[in-house]
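Any value given below was found using the heavy atoms of this structure, including those in side chains, with hydrogens, waters and symmetry copies removed. From a predicted model like this one, the values you see are computed outputs, not experimental measurements. Whatever order the structure lists them in is the order used to number ligands and atoms, beginning at 1.
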Amino acid sequence: MKNSKKTNQDNSDGKQNDLEFNKSSAENEFLTTNQGVKINDNNNSLKSGERGPSLLEDFILREKITHFDHERIPERIVHARGSGAHGYFELYKTMEKYTKAGFLNDTSIKTPVFVRFSTVAGSRGSTDLARDVRGFAVKFYTQEGVFDLVGNNMPVFFIQDAMKFPDLIHAVKAEPHNEIPQAASAHDTFWDFISLMPESMHMIMWVMSDRAIPRSLRMMEGFGVHTFRFVNDKNESHFVKFHWKPKLGTHGVAWDEAQKISGKNSDFHKQDLWEAIEAGNFPEWELGVQIIPESDEHKFDFDLLDPTKLVPEELVPVTIIGKMVLNKNPDNFFAETEQVAFHPGHIVPGIDFSNDPLLQGRLFSYTDTQLSRLGSPNFHEIPINRTIAPMHNNQRDGHMRQEIATGKVSYHPNSLGGGCPFQAKMDQGGFVSFNERVDAHKVRARSTSFSDHFSQAALFYNSQTPIEQGHIVSALSFELGKVETVSIRERMLGLLNQVNADLAAKVAKNLGIPVPKNIEKPINHGVGADDEGNQEPSKAKPNIGSSDALSMLKNPTVSDPIATRQIAFLCADGVSADSIKVMKTALQNAGAKAVIIAPHLGTIVSQEGTEILVDQTYKIAASVLFDGVFIPAGKGIADLSKIKEVKEFLNDSYHHCKFIAAEAEGVQIIKNNSDINKDPGVLMSENNSDKNLSVSFIKALGRHRFWEREKSL
Ligand code: HDD
């Protein structure tokens with residue numbers, strides 16, 4: 001079989017298509033059946049007379065309808081909703097000291113990648129802005145085979161052992177009796193499960209933070225979550241944690257905003273990624289690694305194999321080793337984004353697994369799920385899944401086999417085929433598992449080194465700014481407020497109290513119930529409970545400290561802070577064209593986009609008499625779809641006060657802590673609005689075309705939000 005004609009140079013300029021091999025275009029072609037017969041009438045079925053019954057012999061109708069009936073494949077059991085993009089990975093410096101993986105050794109190699117971002121709980125058609133962890137899966141098409149880094153935008157996970165994964169997912173998905181709610185964790189079954197799973201408390205802190213409601217897929221960090229191994233050509237192993245750091249910084253939206261975006265544009269993230277790539281604003285992430293010598297395995301007060309723990313960057317710094325650029329949208333959503341099959345078990349020589357029991361379970365699950373989702377063991381032959389490395393083996397046949405294997409030998413060892421294909425020795429690139437010594441009893445058990453469930457949850461909470469802590473309190477109050485069973489709320493308060501007493505007290509106040517003095521005995525022996533049903537009494541360790549890397553607000557990205565941001569210009573006939581021009585030019589020079597909004601589409605006439613093209617009307621535009629607002633100068637601007645949607649627009653912008661700028665007559669619109677207090681996030685100038693205003697507005701937008709405003713709301 002010919003592999004797709006990918007090379008390591010493909011994708012590097014965003015124009016090459018790595019799937020040319022299977023692409024089709026109907027340009028200048030006749031319509032045909034699948035058998036290649038030209039179709040003469042695509043509008044009418046074959047009938048016995050114009051008004052008579054249809055005939056079974058109509059092979060054209062039958063073929064068309066049959067194919068249509070089978071268009072859907074099962075959606076992913078988790079991570080059903082996703083967005084994909086092509087790109088490449090480039091290495092900054094060789095990592096050969098630690099790993100022999102070719103793509104991490106040779107800085108001249110540009111490795112093609114395909115990335116799929118996803119939410120976890122919702123169905124394929126659900127909203128992008130659900131409160132959820134985001135999948136961050138990267139397929140590297142390396143010259144030594146496919147390497148998949150199947151991670152998330154949070155560095156830890158809910159559970160420690162794959163045995164609990166079906167339970168976790170059953171609990172978080174819509175409840176089975178009425179299939180409500182869609183793509184939301186704010187319901188009884190999720191919190192019932194969590195309240196019996198103290199090990200999930202660290203991850204709960206992350207999903208209740210603004211990380212779970214990203215501003216953009218382009219503004220998320222990514223993590224490999226598990227500890228993996230790097231193995232070098234001397235067969236020495238180091239433990240490694242993978243990190244993706246976005247060039248645009250890590251940003252979230254307000255929760256009220258997320259819910260409104262879901263109504264206004266449930267494809268908000270998908271569209272944002274698509275449009276950025278179409279416009280040539282290629283998102284970039286740097287790849288970082290934390291490397292831990294084998295000899296340090298037991299030096300931490302948590303277990304490196306425990307996926308509910310992270311390695312604080314203060315203990316092991318993240319070394320940046322390369323960058324990934326996404327520069328091409330898929331040609332066809334189904335063929336690429338839907339059919340891509342990731343697998344944490346797709347590794348290449350130089351990378352190996354650790355004994356993390358969650359990872360070990362995943363190694364089984366992903367092939368298994370492709371068999372039911374893609375329907376055949378030949379899913380590796382689907383163009384998006386094909387390796388660019390030469391591929392030869394004795395696997396044969398199966399549903400929808402594409403390869404036509406020639407010759408009569410399909411076994412090894414053989415003499416009739418000259419012994420081919422050969423096994424590769426290690427120095428010929430053959431994969432050899434790291435020869436870790438394992439000497440143990442066969443048990444169903446969990447190491448006691450996995451049992452501190454609260455210290456890193458506390459570390460995360462402590463590391464947040466007061467604003468971010470406030471968001472966690474609000475998120476927990478929202479989620480638990482939606483829970484109907486009071487005992488579940490109480491159990492959760494008990495667990496939160498183990499993390500941080502102040503956090504528990506604040507949530508308890510919002511729920512109108514006290515924090516229980518003792519953790520209630522769980523009815524069904526929660527995981528982590530002893531034989532009597534008692535939960536672990538442990539609390540977070542005292543003086544756990546904090547880690548700045550865990551906070552989004554403590555880590556502003558200085559480079560190009562407002563690139564690709566969308567700024568709404570609230571306009572009407574009689575607006576000042578000069579005022580628009582000065583602000584628009586300044587924003588565009590900083591890489592942001594100005595969107596002209598007016599009462600009607602077409603053009604409006606400025607006070608200077610020129611025509612200005614309108615992008616959106618007040619009926620279409622909503623504040624939640626923008627990053628900031630500008631009200632220009634102009635005599636006609638006073639009319640904006642009469643438009644109901646303008647008031648809503650400004651009020652939402654204000655409540656979601658966005659920066660608002662206004663000049664000359666525009667300032668009056670702000671002053672007339674009694675819901676808007678004039679705080680430092682509202683920038684005003686009495687002058688038309690004020691260049692200083694544009695400078696300070698751009699600086700302010702770089703901060704993303706004026707979250708301090710929340711105190712006064
Ligand atoms: Fe998983 C999909 C990430 C635990 C079983 N997982 C899936 C995807 C991502 C992750 C990003 C979507 C890939 C895509 O875009 O197609 N999963 C994770 C992370 C985990 C994790 C970071 C914990 C650290 N997953 C996990 C466990 C199991 C699974 C413990 C089962 C034992 N995951 C699956 C799956 C999926 C999947 C059922 C659904 C679709 C697919 O695999 O291809 O096999």
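- In this structure, the separation between NZ on Lys241 and CG on Leu310 is 7.5 Å, given to the nearest 0.5 Å.
- Atoms of ligand 1 found under 4.0 Å from any heavy atom of Val225 (numbered from 1 in listed order, with element): 22 (C), 24 (C).
- Summary of contacts: the protein heavy atom closest to atom 29 (C) of ligand 1 is Phe165 CE2, 3.3 Å.
- There is no side-chain donor-acceptor pair under 3.5 Å between Ser376 and His399.
- Set against the non-hydrogen atoms of Leu358, the atoms of ligand 1 under 4.0 Å away are 23 (C), 24 (C), 30 (C).
- Annotation: atom 21 (C) of ligand 1 to nearest protein heavy atom, Arg362 NE, 3.2 Å.
- Of the candidates Phe157, Phe460, Phe158, Trp206 forms a ring-ring contact (aromatic ring centres under 6.0 Å, His included) with just one, namely Phe460.
- Using a cutoff of 4.0 Å between basic side-chain nitrogens and carboxylate oxygens, Arg229 and Glu294 are scored as salt-bridged.
- For Ser365, every N, O or S atom stays at 2.8 Å or more from atom 1 (Fe) of ligand 1.
- Closest protein heavy atom to atom 22 (C) of ligand 1: Asn152 ND2, 3.1 Å.
- Using a 4.0 Å cut-off between a side-chain N of Lys or Arg and a carboxylate O of Asp or Glu, Asp267 and Lys270 do not qualify as a salt bridge.
- By the criterion of a heavy-atom distance under 4.0 Å, the side chain of His226, and not its backbone, is placed next to ligand 1.
- Near Ile77, the atoms of ligand 1 lying under 4.0 angstrom from a non-hydrogen atom of the residue are 38 (C), 39 (C).
- You'll find the ring centres of Tyr141 and Phe103 outside the 6.0 Å limit.
- For ligand 1, the atoms lying closer than 4.0 Å to a non-hydrogen atom of Arg116 are 14 (C), 15 (O), 16 (O).
- In summary, Arg76 and Glu338 engage in a salt bridge, as defined by a charged side-chain N under 4.0 Å from a carboxylate O.
- For the ring-ring contact (aromatic ring centres under 6.0 Å, His included) with Phe230, the lone residue among Phe242, Tyr98, Phe239 that qualifies is Phe242.
- Which of Phe342, Tyr366, Phe379 comes nearest to atom 6 (N) of ligand 1 through a heavy atom is settled by distance: it is Tyr366.
- When hydrogens are left out, the protein atom nearest atom 41 (C) of ligand 1 is Thr369 CG2, 3.4 Å; that is the closest non-hydrogen contact.
- Using modelled atom types, one finds a donor on one side chain and an acceptor on the other under 3.5 Å when comparing Glu468 with Ser551.
- Each of the following atoms of ligand 1 lies closer than 4.0 Å to a heavy atom of Gln370: 41 (C), 43 (O).
- Aromatic ring centroids of Phe136 and Phe117 lie under 6.0 Å apart.
- Looking at Val150 against ligand 1, both its backbone and its side chain come within 4.0 Å, counting heavy atoms.
- For atom 16 (O) of ligand 1, the candidate residues are His79, Arg76, Glu75; the nearest heavy-atom contact is made by Arg76.
- Those atoms of ligand 1 with a heavy atom of Gly151 less than 4.0 angstrom away are 11 (C), 22 (C).
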